[in-house]
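Here is the structure we will look at.
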Amino acid sequence: MSRDASLVTFDVAGQWYALPVEAVVEVATGASLTRVPGGGDGLAGVTSWRGRTIPVFRLEGDLKPADAAPDLECRVLILRDPGPCALRIDRPGEILREWTPVVVEGRTGPNADAFTRDADRTIRVLDPNEVVATAGGAAGEGTI
Amino acid sequence: MDKFAQLKNEFLQETEETLGELQRDLDAIRSAAECPAAEVLGRAFRATHSLKGSAGMFGLDLLSGVAHAMESILEDLRDAEEAVAPETVDLLDQGHELLWSLVAGESRGDAAPDSRAEAYIRDARERSAAAAPSAQQVVDALHETTHDIRLRLAEASLAGQTVALVVASPERPADDLRAAILDWGELCAELPPSADDPCLRWFAVSSDSLFGLLKRVAPLGAEAYGDEFDAAVRLAQELAPEAAASSEARSEAPPEEPLAAAPKAPPVAAPEAPPAATVETSPETPAEVRAEADSGLDVARTRPAAVTRTAFLRVPLERVDKLMGDLGDLMQAKLGLDNAAEEILEAAPHRVARTQARQSLRALDRRIRQLQDRVLEVRMVSIEPIFQKAERTLRETCRQVGKSAELVTHGSRLELDKGVADALTEPLAHLIRNAVDHGLETPEERRRAGKPEAGTIRLAAYADGTWTVVEIADDGAGVDFERVAAKAKERGLFAADARPAESDLLEVLFHPGFSVRDAATEVSGRGVGLDAVRRALQAIGGQLDCESDTRGTTFRLRLPGSLAMAQALEVELGPEAYFLPLTNVTAVGSIAPSALERLGADEVCLDGPTARRVFDLASLFGLPPVPRDRERIPAVTLRARSESVVFLVDRLGRRKDIVVRPLGLLLPPVAGIVGSTERGDGRTVLLLDPLARVPAGGGSLTREVAP
């Protein structure tokens with residue numbers, strides 16, 4: 001990921017995350033969520049967005065179990081890639097126009113710099129494709 | 001999508017239509033007792049010729065090669081003017097099947113090297129020394145150009161210019177040839193000699209004739225080819241909007257002369273020709289309308305070929321679906337307006353005004369529904385191409401298994417939803433293969449049974465209410481129930497001492513991995529088949545049943561009328577609402593908990609002498625079960641295969657027309673969730689197909705109990 005890219009920050013269950021701003025179409029508050037029975041832990045449900053039905057994924061740290069009572073409304077980030085889909089969040093943060101990756105000792109490879117710091121917060125920088133692949137992989141028929 | 005990719009997509013769509021027409025001609029060639037009509041052979045030849053050239057322009061080498069091989073065969077037939085040997089028609093059929101397969105692969109974007117196509121082309125080259133070298137040379141040379149050059153050639157063709165390939169051996173005077181070509185027109189590309197073709201080659205365009213070019217280059221020992229660009233001309237006319245919009249070159253064309261591609265269609269006398277914008281006839285694409293408007297030419301006078309075409313507009317299905325979705329949103333907004341208006345009208349003091357407002361709302365409702373019907377009509381396509389493909393599958397399978405069969409079709413004029421049609425093609429092909437391989441006896445067996453050696457497969461389509469029904473019936477000896485029972489017991493599907501009913505044994509045929517064959521053949525016996533077919537149909541809300549006796553076996557496919565709209569029943573499970581497709585619903589009501597009892601592993605309710613299986617719809621989808629501590633539990637009965645199944649729900653809602661939205665590719669597939677829709681309040685509601693989650697069980701689906 002280019003370090004010149006601005007980041008959209010958001011909070012899920014007390015942990016701050018960030019996604020490249022170009023991967024995010026909009027932050028939608030009050031999105032109605034419909035649970036998908038059998039959708040698995042990674043899938044919070046589906047919602048309507050611009051006349052389409054799109055999946056709403058949840059992050060690994062979003063610990064709300066799949067069979068808990070559904071949120072009637074929630075905040076979501078609408079993601080552009082890898083296709084229109086949404087990510088459930090608790091609250092959006094500011095946009096980081098400049099950021100410096102945190103080098104984690106001993107970590108190498110493409111995700112070695114997937115953290116940054118802003119004020120007192122450590123922010124995990126996500127790859128939208130990985131987020132969807134991970135959440136989508138946790139979804140499916142697993143819970144039935 | 002770039003322009004070239006867009007043109008290629010359009011070309012592939014058009015090729016599907018061309019192949020449908022070609023199939024009809026091949027059928028006519030096969031059935032001709034003597035020499036096929038020259039018109040039919042000519043049409044088939046031109047189709048393959050055009051396909052070869054167009055495919056070459058898009059770099060689709062295999063497609064072009066197979067078309068070229070077929071073209072060579074057809075050219076020989078045309079020249080021979082005699083009856084066609086069956087094996088020659090088989091060869092054409094094989095080529096046609098390969099073309100379908102290659103086009104389908106390209107359309108899906110997963111085109112892969114096809115060894116069958118390569119072998120077909122290789123064999124054809126060896127077989128036909130008489131293949132036209134000039135045609136192949138042009139196609140090969142086109143492959144070596146960039147897409148910009150091909151686009152330039154297409155534009156020139158569209159503008160009525162002559163497009164030519166000049167070929168000369170390397171020892172010829174290249175500079176002199178270059179000068180001669182430049183004297184004739186514009187030199188578009190010069191191809192360097194290659195290992196495959198050591199010749200000097202130039203593409204050129206000019207307003208002058210090909211003869212003019214030949215006069216200049218022939219004395220220098222070169223040849224010029226121009227007639228192989230028909231396909232490019234046609235393609236450019238239909239598909240190159242920018243080129244079409246360029247009116248400069250066209251305005252130079254003599255008004256009495258049709259453009260280069262026009263002679264393919266019969267001319268229309270100018271006085272009778274209707275204007276291009278009439279309903280009956282029109283130019284082929286909007287681009288042509290623009291171009292003609294720009295040029296200011298009298299279309300009827302200058303474009304006789306174009307105005308004889310029926311008015312069609314090719315639109316991507318996605319756009320129709322978006323329109324349908326917008327209409328659904330409009331309907332939802334209208335529902336919201338109804339609710340708000342009713343409150344306001346209740347308080348309105350004037351009765352006349354109230355009545356008028358309600359009438360207007362009802363009229364608006366009718367108009368929106370009419371509009372939805374119109375859009376649904378746009379999605380409807382003929383089932384005929386699917387039947388044609390079935391016929392090819394039949395012939396190919398007969399060849400593979402050494403049987404002979406005739407396909408008798410009924411209802412080929414029926415139309416069905418495009419989405420349903422797409423989902424039907426492969427399952428139907430599988431059932432045809434199954435009918436030939438398993439349903440029909442061998443010719444010897446049939447002879448011994450006093451039957452004609454050739455079997456008959458009947459393929460029929462008809463409408464049944466909102467369903468489209470397709471039947472595939474063979475006149476074989478029927479399912480060997482004893483053999484099926486033995487195999488099923490071997491696999492532990494029944495107890496060794498069980499005496500399963502014939503209906504249960506038919507259900508076993510749909511069991512994953514089940515096959516009566518001991519060894520797999522080229523066609524079947526791998527145990528991958530009927531269950532996959534049934535699942536594919538269930539995925540679109542369809543059903544697959546089978547019946548069999550000693551007169552043969554019939555598979556019956558019940559398909560939804562539309563994938564875009566559905567009549568649905570709203571039900572509630574806990575706090576959430578869901579829709580069930582109404583097409584499957586046979587009864588809605590309630591059941592007293594005391595009427596439910598256990599019968600083996602199943603929960604059932606009694607309906608006269610029959611016990612129906614009962615499922616808690618919520619539990620079936622992993623949700624908290626429907627509460628039973630009440631006098632009566634709401635229930636919905638759905639028709640499934642050979643039984644009716646009862647589903648318990650929390651609450652029954654109203655019947656509604658819904659616009660079905662696909663769930664999208666990113667959503668992991670969940671069995672039994674077939675789509676979604678949006679309610680008036682903006683919430684997404686899932687469309688369920690509970691039958692997809694009902695276990696078939698190892699025993700009887702409908703249990704007869706003592707009265």
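So you know, we letter chains A, B, ... as the sequences are listed, proteins then strands, and number each from 1.
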With heavy-atom distances below 4.5 Å as the criterion, would you say the side chains of A/T53 and B/L686 are in contact?
no

Which heavy atom of B/I673 sits nearest to which heavy atom of A/P37, and what is that distance?
CD1-O, 3.6 Å

Minimum heavy-atom distance A/T47-B/T684, with the two atoms named:
C-OG1, 3.4 Å

Would one find more than 12 heavy atoms of other residues, nucleotides or ligands at under 6.0 Å from atom [atom1] of [X]?
X	atom1	answer
B/R651	CZ	no
B/R654	CZ	no
A/R80	CZ	yes
B/R630	CZ	yes

Can you tell me how far OG1 of A/T34 sits from CZ of B/R683, rounded to the nearest 0.5 angstrom?
4.5 Å

